Enquirer: 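I'd like to ask you about the structure that follows.
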Protein chains: 2
Amino acid sequence: MASLRTAVAGAAARKQVSRPGRAASAPRMGLVPSTQRLPLDEVIVGDCLAALDRLPPASVDLVFADPPYNLQLGEGSLLRPDQSAVDAVDDDWDQFASFEAYDTFTRAWLTACRRVMKPTATLWVIGSYHNIFRVGSALQDLGFWILNDIVWRKANPMPNFRGKRFTNAHETLIWASRSPQKGYTFHYEALKGGNEDLQMRSDWFIPLCTGEERLKGSDGRKVHPTQKPEALVARTLLSASNPGDVVLDPFFGTGTTGAVARRLGRRFIGIEREETYAAAARARIAAVEPLSTAALLTAPTKRAEPRVPFLSVIEAGHVRPGETLTDERRRFKALVRPDGTLAAGPATGSIHKIGALVQGFPACNGWTFWHVERAGKLVCIDDFRGTMRAGMRSA
Amino acid sequence: MASLRTAVAGAAARKQVSRPGRAASAPRMGLVPSTQRLPLDEVIVGDCLAALDRLPPASVDLVFADPPYNLQLGEGSLLRPDQSAVDAVDDDWDQFASFEAYDTFTRAWLTACRRVMKPTATLWVIGSYHNIFRVGSALQDLGFWILNDIVWRKANPMPNFRGKRFTNAHETLIWASRSPQKGYTFHYEALKGGNEDLQMRSDWFIPLCTGEERLKGSDGRKVHPTQKPEALVARTLLSASNPGDVVLDPFFGTGTTGAVARRLGRRFIGIEREETYAAAARARIAAVEPLSTAALLTAPTKRAEPRVPFLSVIEAGHVRPGETLTDERRRFKALVRPDGTLAAGPATGSIHKIGALVQGFPACNGWTFWHVERAGKLVCIDDFRGTMRAGMRSA
DNA sequence: GATTTACTTGAATCTACAG
DNA sequence: TCTGTAGATTCAAGTAAAT
């Protein structure tokens with residue numbers, strides 16, 4: 001059964017390669033006319049598969065999905081040590097007859113999401129051990145490419161009242177691109193800057209959604225049983241999308257994704273089956289104050305900066321032809337030629353090639369490797385490039 | 001699976017009969033006669049399926065499995081920024097033709113393990129996002145009952161050298177019982193006592209296996225590419241087995257499970273395909289000094305002050321994105337961005353970098369430099385960090 | 001001998017773009 | 001679509017070498 005599942009899913013995935021940028025292909029079902037207009041910043045009430053099929057292909061930049069977890073709870077209710085009852089997730093939408101039924105459901109919505117994702121889009125799914133292994137396997141079977149699994153470490157998890165297991169103190173998010181193809185958005189430097197100048201790790205420590213942030217009904221009870229903290233969703237959107245990007249959430253619930261998207265200057269498409277949740281989401285999102293554009297401006301990453309030929313650095317007079325370049329520790333030397341190449345002995349080539357050559361390395365960033373002497377001190381030639389880029393910005 | 005190799009039966013095999021009163025069923029294959037004698041505290045060299053089929057059913061109390069991860073590495077080698085090559089895991093034993101092939105392999109060894117597990121036995125499997133979703137799904141499909149997923153947070157993970165993903169800083173263990181039936185071993189109180197009287201959580205912070213603990217050959221190179229830290233295995237054995245219990249490891253490698261089992265007064269059965277690894281394991285285990293029963297309590301892990309990202313301070317609401325930070329004498333200003341970086345004019349970066357920049361210094365401690373105004377007074381952002389650290393100590 | 005600095009290493013699905 | 005090249009990129013520990 002499982003092998004058949006894999007084969008079928010694989011075949012479906014192979015067949016379904018949309019070609020964005022060329023002809024806009026027909027909607028998957030062929031029954032519902034495709035509207036090319038995106039229902040932006042709206043909550044669509046209805047079945048998520050039907051709603052997804054009505055969206056144009058290759059139209060969203062990011063998907064955040066918090067699907068049903070398929071919790072398999074026992075019969076009786078769970079009691080705390082003080083005999084109060086734990087408010088368990090036993091809603092109809094979380095009930096599946098079998099793992100197979102859950103797998104079918106999972107493959108269906110993932111396939112539908114994949115169709116509407118741009119080739120450069122990525123997808124986030126959150127789950128617990130009850131469902132995340134099914135979801136992860138389905139992702140791989142459908143041709144998604146897992147980039148990371150992220151652990152949401154809960155600051156204040158519910159203890160295990162019976163003392164029969166470890167405190168279930170985390171949930172797992174999977175971050176995947178549509179295919180192994182490169183070119184997705186990842187704000188590496190920004191995340192590093194917000195994390196003590198260290199790479200952001202795959203384990204995130206974030207409190208549960210409680211207190212003011214938790215939506216409560218007029219009866220004082222929580223509106224949705226599994227509302228996620230905005231901080232968690234915000235980190236996914238900040239890391240893998242840009243201001244103005246379209247974020248899709250096929251299990252919108254009470255609209256955490258929409259609220260965060262609006263606050264961070266992203267557009268959203270929310271799909272939710274229950275009108276009660278959708279209504280709560282609309283009211284919640286309307287109250288969100290978007291951040292100022294100034295606070296959202298994305299800093300240009302080094303990769304996005306304009307290219308500066310080394311020849312331009314020479315032409316600007318920062319380095320003279322005939323000068324000698326050396327490395328930080330003055331172990332190697334090279335001669336600057338008027339055409340922007342370097343010479344080391346008989347060999348000539350770019351600053352990168354000669355840098356690699358003299359060190360015996362396969363590659364080298366010549367900009368950071370080579371230095372010139374100015375007033376008795378070594379100056380990195382990358383400093384000149386920085387000066388020139390600053391001049392280009394002000395011009 | 002086709003090649004059934006004969007196990008090397010150690011001459012010094014201790015004789016142990018499986019529990020009387022339990023029906024000794026025929027071996028699964030029906031080809032090799034079942035030996036009712038358990039090969040305790042030995043390393044069986046050979047194919048793990050064949051070896052498992054020769055063990056009597058319902059005979060082990062715990063399984064610890066570290067199967068191949070099925071890493072799918074690219075063509076070229078990965079270079080660090082200093083151009084040194086990463087020693088990748090590209091061994092033959094980690095190569096599978098497809099997910100389907102890996103699934104087949106996984107179901108086979110899990111099924112074989114399940115047969116030899118006592119009804120009360122539990123199983124641990126470790127993996128990464130490359131394989132753990134396949135393993136978890138297979139476990140559920142085969143009737144295992146997942147008790148917890150545990151996150152091994154690595155103290156010193158390998159960074160992401162290209163800056164294209166989050167640092168892959170954890171691996172996942174699944175802890176499962178043979179079936180939903182109750183009655184497994186879990187030392188709740190002991191673990192709680194070793195964890196400052198707090199329930200042991202599902203996220204464990206443990207360093208990699210390096211230094212003295214890492215087995216090295218005569219050439220000084222690591223014997224096995226994926227040796228696991230003893231602390232990790234010890235915690236699984238302490239939590240889910242009793243002294244004298246039989247612990248099975250079907251992917252024994254260099255015998256971490258055996259060494260830990262011996263040290264903690266458990267018996268072990270190790271199965272390993274490569275004689276080189278098995279030989280190293282035997283020598284290693286022979287050198288292990290078993291602990292006295294009284295000394296088996298977990299040693300509390302010493303922990304440094306947790307690092308707090310400025311992003312977490314924002315997420316916690318202590319500082320709002322779009323707010324202005326200033327120094328104690330209000331000479332400099334910077335804008336707080338939602339990703340935890342600051343902006344001063346066109347420049348963006350961490351609290352430390354921007355603090356240094358505005359002062360014209362080479363470095364700056366942003367935590368003590370930057371302040372926000374609260375009720376007309378300046379509050380240092382380091383105060384917020386202190387508050388957050390207090391809240392994190394329980395985690 | 002004590003302290004500082006340099007070097008090594010760990011389960012890795014690790015680039016982007018012009019021509 | 002493929003190829004060649006510009007050029008961007010690392011954290012925590014442990015060990016060895018240098019001061």
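As a basis for the values below, the full set of heavy atoms in this structure was taken, side chains included, without hydrogen atoms, waters or symmetry mates. The model shown is predicted, which means the values in this text are computed figures rather than measured ones. First the proteins, then the strands, lettered A, B, ... as listed; each starts at 1.
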Enquirer: Can you list the residues that meet the ring pair (Phe, Tyr, Trp, His ring centres under 6.0 Å) rule with His224(B), with sequence neighbours excluded?
Expert: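 In terms of ring pair (Phe, Tyr, Trp, His ring centres under 6.0 Å), with neighbours along the sequence ignored, His224(B) is linked to Trp93(B), Tyr277(B).
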Enquirer: Can you name the salt bridge (charged side-chain N to carboxylate O under 4.0 Å, His left out) partners of Lys222(B), sequence neighbours left out?
Expert: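 Testing Lys222(B) for salt bridge (charged side-chain N to carboxylate O under 4.0 Å, His left out), a comparison that skips the adjacent residues, returns Asp87(B).
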Enquirer: What string of B, S and - do you get for nucleotides 14-19 of chain D, 5' to 3', when a contact is any protein heavy atom under 4.0 Å?
Expert: SS----
Enquirer: Residues from residues 65-76 of chain B sitting under 4.0 Å of DNA chain D, heavy atoms only?
Expert: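 Those residues whose heavy atoms fall under 4.0 Å from DNA chain D, taken from residues 65-76 of chain B, amount to none.
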Enquirer: Who pairs with Ala121(A) by side chain to side chain contact (heavy atoms under 4.5 Å, CB included), at least two apart in sequence or on another chain?
Expert: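 Counting only residues at least two positions away or on another chain, Ala121(A) forms a side chain to side chain contact (heavy atoms under 4.5 Å, CB included) with Met117(A), Lys118(A).
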Enquirer: Heavy atoms under 4.0 Å is the rule here; annotate nucleotides 2-7 of chain C 5' to 3' with B where the base is hit, S where only the sugar-phosphate is, and - elsewhere.
Expert: ------
Enquirer: Just grab all the side chain to side chain donor-acceptor pair (under 3.5 Å) pairs involving residues 194-204 of chain A, residues at least two apart or on different chains.
Expert: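 Found Tyr188(A)-Gln199(A), Glu196(A)-His352(B), Glu196(A)-Trp367(B), Asp197(A)-Ser350(B), Gln199(A)-Thr167(B), Arg201(A)-Asp203(A), Ser202(A)-His170(B), Asp203(A)-Arg153(B).
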Enquirer: Suppose we screen for side-chain hydrogen bond (donor to acceptor under 3.5 Å, both in side chains). Which residues come up paired with Thr172(B), at least two apart in sequence or across chains?
Expert: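 By the side-chain hydrogen bond (donor to acceptor under 3.5 Å, both in side chains) rule, Thr172(B) matches no residue at all.
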Enquirer: Would you jot down, in residue-number order, the residues of residues 159-166 of chain B having a non-hydrogen atom under 4.0 Å from DNA chain D?
Expert: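 Going residue by residue through residues 159-166 of chain B, the ones with a heavy atom under 4.0 Å of DNA chain D turn out to be Pro159(B), Asn160(B), Phe161(B), Arg162(B).
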Enquirer: Could you list by number each residue of residues 222-232 of chain B showing a heavy-atom separation from DNA chain D of less than 4.0 Å, or answer none if no residue does?
Expert: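 Result for residues 222-232 of chain B: none.
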Enquirer: Counting heavy atoms from C-beta on, name the nucleotide in dA8(D), dT10(D), dT13(C) closest to the side chain of Tyr129(B).
Expert: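 Of the options given, the side chain of Tyr129(B) lies nearest dT13(C).
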Enquirer: Mind checking side-chain hydrogen bond (donor to acceptor under 3.5 Å, both in side chains) for Thr106(A) and listing every partner two or more places apart, or none if nothing turns up?
Expert: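 Not a single residue meets the side-chain hydrogen bond (donor to acceptor under 3.5 Å, both in side chains) criterion with Thr106(A).
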Enquirer: Using both pair distances under 3.5 Å as the test, note the stems of at least 3 consecutive Watson-Crick or G-U pairs that include DNA chain C.
Expert: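 Stems for DNA chain C, defined as runs of 3 or more consecutive pairs: C:2-10 with D:11-19, C:15-19 with D:2-6.
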